[in-house]
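As structure tokens, the structure follows; a few thoughts come after it.
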Amino acid sequence: MSQSVSPPVMGWSSWNHFRQNINETVILESAQAMHKSGLAAAGYQYVNLDDCWQSSDRDEQGNLQFDLSNFPHGRQMIDQIHDLDLKVGLYSSCGPLTCEDMPASYGHEKRDAVTFTKLGIDFLKYDYCHVVDLTTDEKLLNDAPDIIAVTLFNTVTDETLNLPLGTAALTGAVQRAVQADGTLAISGLANAAGQLTFDTAGIAPGQYVLTVVYRKTHSQNRKLLVADTGDNEYVLHFPRSSGWSASGRVQVLITLTAGTKYIQLHNPIRDRRTDAILRYRTMANALNQAQASSQRETPFVYSVCEHGRNRPWEWAPAFAGAYRIHEDIRNNWDSVRDCYEKLLSVRALATEGSYADPDMLEVGNGALTPAENMTHFTLWAFLSAPLVLGNDIRDQTGDWLPVVTNEKVIAVNQSAPFLPADLIDLDADNDQVDVLAKYLSNGRAALCFFNKSDFPEEYTFAWEQLPDTIHDIAYAYTDQTITPLWPDQKYLIQDGQITMTLPAHGVSAFQLEK
């Protein structure tokens, strides 16, 4: 467990309150409110523009651009937010369109990653729209063409190298076959069924055009191959075709390094899950390459937002700083509790530096009671979720601001190890109260008692019920100082136990010293 690992992000997003109705004034006023209100001082850094920041058309060069009337000074707006020592996030989708049917990044990942990098943004929320909800114009791209030839063109020497099909290594269902005209073809690359691998150990490092010549057939849907060099993946899309000609070609610019030993062609898609992984990994790779080319030194957060449909807790931590685990949160208590239960269910696979995201906070949006606001914020903090506000932070009336700036609760979220709290298995008669234990740095721990019922509860917890370890770290309570995390908590400590009054849907939370 390392202090160098980044904690969960803290910030604000435009979607929950403003949805598609955003503009420069709203965003800049929200950034100013974050800067002046104490939110920034409490740790909130990110000002995230969700869907509809962009125009309905790309610019003449094919780049995403800000909405031309709502954000006429988009780049200057980003600079103004940065001048407040805040960070900026934007939004796109791994489908051809976003959820609000704006241009998205599927098939444009490299171009859009460069655009995001040039704009200087610090965060990308990458959604999952026009993929399974609306497939737009195609089905699952799990098919692959038969390959006739593969060449490398050196962009410096203009030399063309043929990669011989006859000596390439084949795995799985991939096989060679002689066509009617006597030429060799490779088939069987569809549905993650195998790989075709060329040895490139003797090829000089440099930039090359990889050309794949394929056999054309009548095809209603596109086909796909991935070229994997070990360092990078390159996605090749093969177009729909009438099959008029016998062959076609698809090209991609690739880089071979001194350590590149092979080029492997395969189609990794066999179902929606593998399709999603490729879509999200493709953008992750594009962002990494764009940032490396720009020599960017500031941290960047990539947030996978596929709503838990394809078990992202199993694969997203390999390349993302956060990953959504559930459907969009709604501004009501039942939705908050559903998101909490989902977060509990995936915590066993949590890792530091990549965080399960139950979605933005609804604190301050008016539908939750004061107790529910406190509970909502506390549960997200204890379970190492990103703390991203979703209300109108320009309006600082009401009781929401003291809730989300509670430094003691924030410290629970932002203290290493950055792992979600353990749910203590009490085997007790009262199943309406969850007890969460979170190890904190410097030998401390935190406890949260959550009343799930619709009625107040008197609850007693004996210190001997604490587990011997929290996050596999030994912890023992022996009358250390106890600090309540919220003011006005009603509790009594005596005879080796703590008794408290928990309001309906409420929490009590404490820090236990070393």
>> Run Tyr128 and Asn310 through side chain to side chain donor-acceptor pair (under 3.5 Å) and show every step you take.
In response: CA-CA 11 Å; Tyr128 194 58; Asn310 299 286; 3.1 Å; yes

> Is any NZ, NE, NH1 or NH2 atom of the basic residue among Lys438 and Asp422 found under 4.0 Å from an Asp or Glu carboxylate oxygen of the other?
Replying inline: no

> So do Ile27 and Met77 actually touch side chain to side chain, heavy atoms under 4.5 Å?
Replying inline: yes

>> Suppose we call two aromatic rings close when their centres sit under 6.0 Å apart. Are Tyr214 and Phe238 close by that rule?
In response: yes

> CD of Glu407: more than 12 outside heavy atoms within 6.0 angstrom?
Replying inline: no

>> For Gln61, is the CD atom crowded, meaning more than 12 foreign heavy atoms sit under 6.0 Å from it?
In response: yes

>> If the test is side-chain hydrogen bond (donor to acceptor under 3.5 Å, both in side chains), which one of Lys125, Arg19, Gln20 qualifies with Asp50?
In response: Lys125

>> Looking at Gly206, is its backbone amide N or carbonyl O close enough to the side chain of Tyr208 to form a donor-acceptor pair, meaning the two atoms are under 3.5 Å apart?
In response: no

> Once you round to the nearest 0.5 Å, how far does CG of Asp143 lie from CG of Asn267?
Replying inline: 7.5 Å

>> Using side chain to side chain donor-acceptor pair (under 3.5 Å), reason through Thr117 and Gln291 one step at a time and then give a plain yes or no.
In response: CA-CA 6 Å; Thr117 300; Gln291 292 164 56; 5.1 Å; no

> Do the side chain of Asp67 and the main chain of Ser69 share a donor and acceptor less than 3.5 angstrom apart?
Replying inline: yes

>> With rounding to the nearest 0.5 angstrom, report the CG to NZ distance, Leu189 to Lys223.
In response: 11.0 Å

> Counting heavy atoms not belonging to Arg249, are there more than 12 under 6.0 Å from its CZ?
Replying inline: no

> Which heavy atom of Asp51 sits nearest a heavy atom of Cys99, and at what distance?
Replying inline: OD2-N, 3.4 Å

> Can you list the residues that meet the side chain to side chain donor-acceptor pair (under 3.5 Å) rule with Asp57, with sequence neighbours excluded?
Replying inline: none

>> When you compare the side chain of Trp12 with that of Tyr44, does any pair of heavy atoms fall below 4.5 Å?
In response: no

> For the atom pair OG1 (Thr260) and CG (Asp231), what is the distance rounded to the nearest 0.5 Å?
Replying inline: 4.5 Å

> Looking at Asp338 and Lys342, does any basic side-chain N land under 4.0 Å from a carboxylate oxygen?
Replying inline: no

>> Angle between ring planes, Tyr302 versus Tyr126, binned at 30° and 60°: parallel, tilted or perpendicular?
In response: tilted

> After noting the C-alpha distance and the side-chain angles of Thr197 and Asp199, does the key distance pass the side chain to side chain donor-acceptor pair (under 3.5 Å) rule?
Replying inline: CA-CA 7 Å; Thr197 305; Asp199 184 353; over 6 Å; no

>> Side chains of Ser187 and Asp146 only: does a donor on one sit below 3.5 Å from an acceptor on the other?
In response: no

> Hey, is the main chain of Arg309 close enough, under 3.5 Å, to the side chain of Glu306 for a donor-acceptor pair?
Replying inline: yes

> Looking only at side chains, do Ser92 and Ser105 share a donor and an acceptor under 3.5 Å apart?
Replying inline: yes

> Shortest non-hydrogen contact from Ala385 to Pro358?
Replying inline: CB-CD, 3.5 Å

> Would you say Asp472 has more than 12 foreign heavy atoms packed within less than 6.0 Å of its CG?
Replying inline: no

> Where do Val346 and Ala356 come nearest, in terms of heavy atoms and distance?
Replying inline: CG2-CB, 4.1 Å

> Quick check: does any side chain N or O of Arg222 sit under 3.5 Å from a backbone N or O of His237, one acting as donor and the other as acceptor?
Replying inline: no

>> Looking at Arg296 and Asp122, is any side-chain nitrogen of the basic one under 4.0 Å from a carboxylate oxygen of the acidic one?
In response: yes

>> Does any part of the side chain of Val131, heavy atoms only, come nearer than 4.5 Å to the side chain of Cys94, both counted from C-beta?
In response: yes

> Ile186 and side chain to side chain contact (heavy atoms under 4.5 Å, CB included): which partner among Ile148, Leu170, Leu265, Val150?
Replying inline: Leu170

>> Test your reading of the model: is there a side-chain donor-acceptor pair from Trp315 to the backbone of Thr274, 3.5 Å cut-off?
In response: no

>> Is the distance from the ring center of Tyr323 to that of His307 below 6.0 Å?
In response: no

> At their closest point, which heavy atom of Pro103 faces which heavy atom of Thr98, and how far apart are they?
Replying inline: O-CG2, 3.7 Å

>> Evaluate Glu29 against Thr25 for side chain to side chain donor-acceptor pair (under 3.5 Å), listing each step before the verdict.
In response: CA-CA 6 Å; Glu29 288 180 353; Thr25 298; 5.5 Å; no

> For Leu224 and Leu141, which heavy atoms make the closest approach, and how far apart are they?
Replying inline: CB-O, 3.9 Å

> So, do Trp53 and Phe71 have ring centers that fall under 6.0 Å from each other?
Replying inline: no

>> Between Glu233 and Arg281, does any side-chain N to carboxylate O distance fall below 4.0 Å?
In response: yes

>> To check you understand the geometry: which heavy-atom pair defines the closest contact between Ala144 and Ala190, and what is its length?
In response: N-CB, 3.7 Å

